[in-house]
Structures are given as structure tokens and as C-alpha cells.
Amino acid sequence: MGESLNGTYKLDVDGKKKLVDEKMKELLVEGRKEGIALAMKELGMKRAKFYGWPNTYVFTKAMGEMLIGHFKDNLPIVIIRPTMVTSTFNKPFPGWIEGFRTIDSVMASYGKGKLKCFLASPELVLDVIPADMVANAMIVSMVAHPCQSCDRIIYHIGSSLRNPLKFSSVRDFTIRYFTKNPWINKNGKLVKTSKVTVLSSMPNFLSYMRIRFLLPLKGLYWLDAIFCQYFKRVYMDLDRKVKVAMRLVELYKPYLLFKGIFDDKNSEKLRVAAMEMGLNVDEFGFDPKCIDWEDYFINIHLPGLVRYVMKQ
């Protein structure tokens with residue numbers, strides 16, 4: 001039905017669905033109900049990487065586009081490809097967010113004092129876009145292509161080309177915000193954040209983790225065993241923090257060293273078309289150039305993250 005991202009194999013979506021069903025039946029027969037979620041995640045990651053995608057999220061999105069292209073017949077198709085979606089810029093009100101999204105896990109972990117190191121190039125451009133701008137682009141695209149029978153049109157909704165945001169800026173915004181507005185933990189105590197070591201390559205990150213955390217953690221494990229679990233609480237706390245860092249890096253690794261910029265020329269044409277159609281660009285705007293990133297993160301996104309996600 002479609003091409004794999006690495007161009008090596010043809011991607012059979014129906015075959016993948018059958019593989020999932022067979023794996024589910026196998027796990028149920030084995031009576032492994034508690035491990036089904038983890039086993040299916042591992043299968044998804046394995047198949048995604050086999051075909052060239054970094055994770056199941058982008059893999060399934062690609063399959064969705066393939067299915068739409070295959071079954072659309074004469075229906076007009078518009079595909080919206082937003083980059084990393086963040087809290088709302090304006091509507092229904094600034095800072096609204098539901099659940100952790102993309103970079104939010106990193107910022108929340110820092111605010112809670114759980115993040116000590118991270119993998120990313122300081123000069124990396126993070127391609128983010130507020131949720132309401134994505135919704136506006138979807139609405140405008142439907143108005144612009146109501147009954148047109150044409151090949152699929154793809155709109156990249158992002159900011160990396162027109163208003164690039166560096167990782168180093170997001171890091172600084174996050175540090176400044178939580179320094180001024182420290183997180184209060186479940187015991188009612190202010191969490192004092194510390195400096196985060198940023199490693200610019202995967203080998204550097206793994207070496208740092210091995211020397212700074214994994215080897216001492218292994219020593220603490222044996223010390224805890226010798227002293228009859230006297231250090232169990234300390235060991236479990238450190239082990240949890242290490243796993244958080246490793247999980248975040250594994251999740252974001254495909255993007256943290258990615259140096260690409262997404263072309264949004266089609267989206268710019270759509271913005272021009274919206275003005276020509278007489279649409280209220282203030283009401284349905286999605287131009288990332290209007291965003292002051294410093295003001296957005298410090299006064300909108302991070303307060304929204306704390307209020308609507310971290311405090312839940």
C-alpha cells in the first residue's frame with residue numbers, strides 16, 4: 001500500500017494489522033495480560049524502526065496517510081502536519097493544555113527536580129506550534145478546499161522556518177520560570193532546581209550516565225544488599241530518576257539531534273488565501289511570526305503547564 005521511510009521494503013498496512021491481531025492472541029493464550037501493553041509497545045517500536053520510522057507515533061501517522069490516499073476515491077483530501085504542539089496561544093484562553101505534550105515532560109521533570117542531565121544540541125531548532133493555531137489552520141483549510149477534486153494537499157504547520165526557536169532558549173526560559181516560581185511538592189515543600197547538564201551527542205550522554213549515575217547506582221545496589229536493604233529508599237529514588245532521564249531521552253532522541261527545517265510555503269499560501277477570502281486573520285490566525293517565544297513560554301505555556309497538568 002505504501003513505501004517505507006527507508007525505501008527498503010513495501011509497507012503492507014493490512015499485514016501489519018494482522019500481525020498485531022496475531023500477537024494479541026498469542027499473549028492472551030500465554031496468559032500474559034499484565035504484560036500486554038509493554039509487549040505491544042515493544043512490537044510497535046520494533047516494526048517502526050524496521051521500516052525506518054523512529055517510533056510508533058510517526059509510524060502509525062504515516063500508515064494513516066497511506067490509508068487515506070488509498071481509499072479517498074474522488075474526495076478532496078487535505079493533510080495537516082503540525083510539528084510539536086504546545087499549549088494554546090490565545091483560544092479558548094492562553095495556556096490551555098490537556099496532558100503532557102512533547103517537550104512538556106522535560107520541563108515538568110526539571111521543575112520537579114528530577115532532571116539532572118539531558119541530550120540535545122543547544123543550537124537545535126525546536127519546531128513547536130500552539131494548539132489553537134493548528135485548529136485554526138484546519139478550519140481555514142476546510143474553507144479553502146470545500147469541494148475541490150484534486151490530489152492531496154499537505155500543510156506543514158510549524159515555526160522552524162518563519163520563527164525558529166532554539167533549544168537553548170527553551171532551556172533558559174524553563175530555568176528562569178521555575179527559579180522564580182518553584183514547584184511545591186506533595187509535602188508542601190519548595191523544590192529547589194539545580195543546573196542540568198546538556199550533552200550534545202548520544203555517545204557523550206551515555207558516557208556521562210555510565211560514569212555519573214549507573215556505576216555508582218550499581219555500587220549502591222550491592223551495598224544495599226550487604227546491609228539488608230538499609231539504603232533501599234535512597235537506591236529506589238536514584239534508580240527512578242535515572243530511568244526518567246533515560247526514558248525521556250529514548251522518547252525524544254529522534255528529535256533532539258534533528259537538524260531539519262520544515263518548509264511551510266503551502267501554509268503561507270493558505271494564510272494569503274484566507275485574507276483574500278475575507279477571513280478574520282485575528283480570529284483564525286496561525287502565523288508563527290506573531291509569537292514572542294520568551295513571553296509565550298514564561299507567561300503562557302509554563303504557567304499553563306503547571307496549572308492544568310502538573311497540579312492534576
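Positions are given from 1 along the sequence.
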Note, Met246 side chain near Val242 side chain (heavy atom, < 4.5 Å): yes

Parallel, tilted or perpendicular: rings of Tyr308 and Phe93 (30°, 60°): tilted

Full working for side-chain contact (heavy atoms from CB on, under 4.5 Å) between Met107 and Asp104: CA-CA 5 Å; Met107 293 187 288; Asp104 297 333; 3.5 Å; yes

Gap separating the CD1 atom of Ile79 from the CD atom of Glu65, nearest 0.5 angstrom: 4.0 Å

Side-chain heavy atoms of Lys41 within contact of Thr56, under 4.5 Å: no

Step-by-step side-chain contact (heavy atoms from CB on, under 4.5 Å) determination, Asp239 to Leu217: CA-CA 7 Å; Asp239 183 59; Leu217 193 62; 3.6 Å; yes

Verdict with reasoning, Asp237 to Arg240, per salt bridge (charged side-chain N to carboxylate O under 4.0 Å, His left out): CA-CA 5 Å; Asp237 181 58; Arg240 176 178 54 80; 2.5 Å; yes

Distance (rounded to the nearest 0.5 Å) between Leu190 CG and Phe178 CZ: 13.0 Å

Linked, directly or transitively: Phe59 and Leu38 (ILVMFWY side chains, under 4.5 Å): no

Flag if over 12 foreign heavy atoms under 6.0 Å of CE, Met202: yes

Atom of Ile129, atom of Pro82 and distance for their closest heavy-atom approach: CG2-CB, 4.5 Å

Phe50 CZ: over 12 foreign heavy atoms closer than 6.0 Å: yes

Short side-chain to backbone donor-acceptor contact, Ser267 and His156, under 3.5 Å: yes

Cluster link Trp183 to Leu115, ILVMFWY, side chain under 4.5 Å: yes

Distance, nearest 0.5 Å, that separates CG of Leu238 from NZ of Lys116: 10.0 Å

Residue pair Ile300 / Phe89: nearest heavy atoms and the distance that separates them: CD1-O, 4.1 Å

Flag, side chain of Asn55 to backbone of Ala48, donor-acceptor distance under 3.5 Å: no

Whether Trp293 and Phe297 hold their rings parallel, tilted or perpendicular, with breakpoints at 30° and 60°: tilted

Other residues, nucleotides, ligands: >12 heavy atoms within 6.0 Å of Arg212 CZ: no

Residues Arg271, Asp264; criterion salt bridge (charged side-chain N to carboxylate O under 4.0 Å, His left out); working and verdict: CA-CA 11 Å; Arg271 281 188 282 269; Asp264 68 346; 3.5 Å; yes

Linked, directly or transitively: Ile80 and Met277 (ILVMFWY side chains, under 4.5 Å): yes

Whether Ser169 side chain and Leu165 backbone form a donor-acceptor pair below 3.5 Å: no

Ser159 side chain to Val128 backbone, donor-acceptor under 3.5 Å: yes

Plane angle bin for Tyr296 and His301 - parallel if under 30°, tilted between 30 and 60°, otherwise perpendicular: parallel

Ionic contact status for Glu42 with Arg47, cut-off 4.0 Å: no

Any donor-acceptor N/O pair, Thr60 side chain to Tyr57 backbone, under 3.5 Å: yes

Ile184 atom CD1: more than 12 heavy-atom contacts under 6.0 Å: no

Student check: side-chain heavy atoms of Lys166 and Leu126 closer than 4.5 Å: no

Minimum side-chain heavy-atom gap Lys259-Glu123 below 4.5 Å: no

Backbone N/O of Lys189 and side chain of Asn187: donor-acceptor pair under 3.5 Å: no

Euclidean distance, Arg81 CZ relative to Ile154 CD1, rounded to 0.5 Å: 4.0 Å

Set of side-chain hydrogen bond (donor to acceptor under 3.5 Å, both in side chains) partners for Ser160, sequence neighbours left out: Asp127

salt_bridge(Glu268, Lys265) N-O dist < 4.0 Å: no

Closest heavy-atom pair and its distance - Leu270, Ala137: CD2-O, 4.0 Å

Residue pair Trp53 / Ala62: nearest heavy atoms and the distance that separates them: CZ2-CB, 3.5 Å

Atom CZ of Phe262 with >12 non-hydrogen neighbours under 6.0 angstrom: no

From OG (Ser109) to CZ (Phe100), nearest 0.5 Å: 7.0 Å

Whether over 12 other heavy atoms sit under 6.0 Å from Met138 CE: no

Any Thr86 side-chain heavy atom under 4.5 Å of Ile97 side chain: no

same_hphob_cluster(Met84, Val125) at 4.5 Å side-chain heavy-atom cutoff: no

side-chain contact (heavy atoms from CB on, under 4.5 Å) between Leu161 and Asp263, intermediate numbers included: CA-CA 6 Å; Leu161 183 65; Asp263 188 347; 4.1 Å; yes

Stepwise side-chain hydrogen bond (donor to acceptor under 3.5 Å, both in side chains) test for Asn204 and Ser201: CA-CA 5 Å; Asn204 288 344; Ser201 71; 3.0 Å; yes

Val198 versus Phe167, closest heavy-atom pair with distance: CG1-CE2, 3.9 Å

Donor-acceptor under 3.5 Å (Asp132 side chain, Thr88 main chain): no

Residue Lys61 excluded, over 12 heavy atoms near NZ under 6.0 Å: yes

Mutual orientation of the aromatic rings belonging to Tyr221 and Tyr235 [parallel < 30°, tilted 30-60°, perpendicular > 60°]: tilted

Where Asp287 and Met133 come nearest, the two heavy atoms and their spacing: O-CE, 3.7 Å

From OG (Ser141) to CG (Asn266), nearest 0.5 Å: 11.5 Å

CA sep, side-chain torsions, deciding dist, call: Ile36, Leu28, side-chain contact (heavy atoms from CB on, under 4.5 Å): CA-CA 8 Å; Ile36 286 179; Leu28 290 172; 3.7 Å; yes

Transitive ILVMFWY side-chain link Tyr155 to Ile261, under 4.5 Å: no

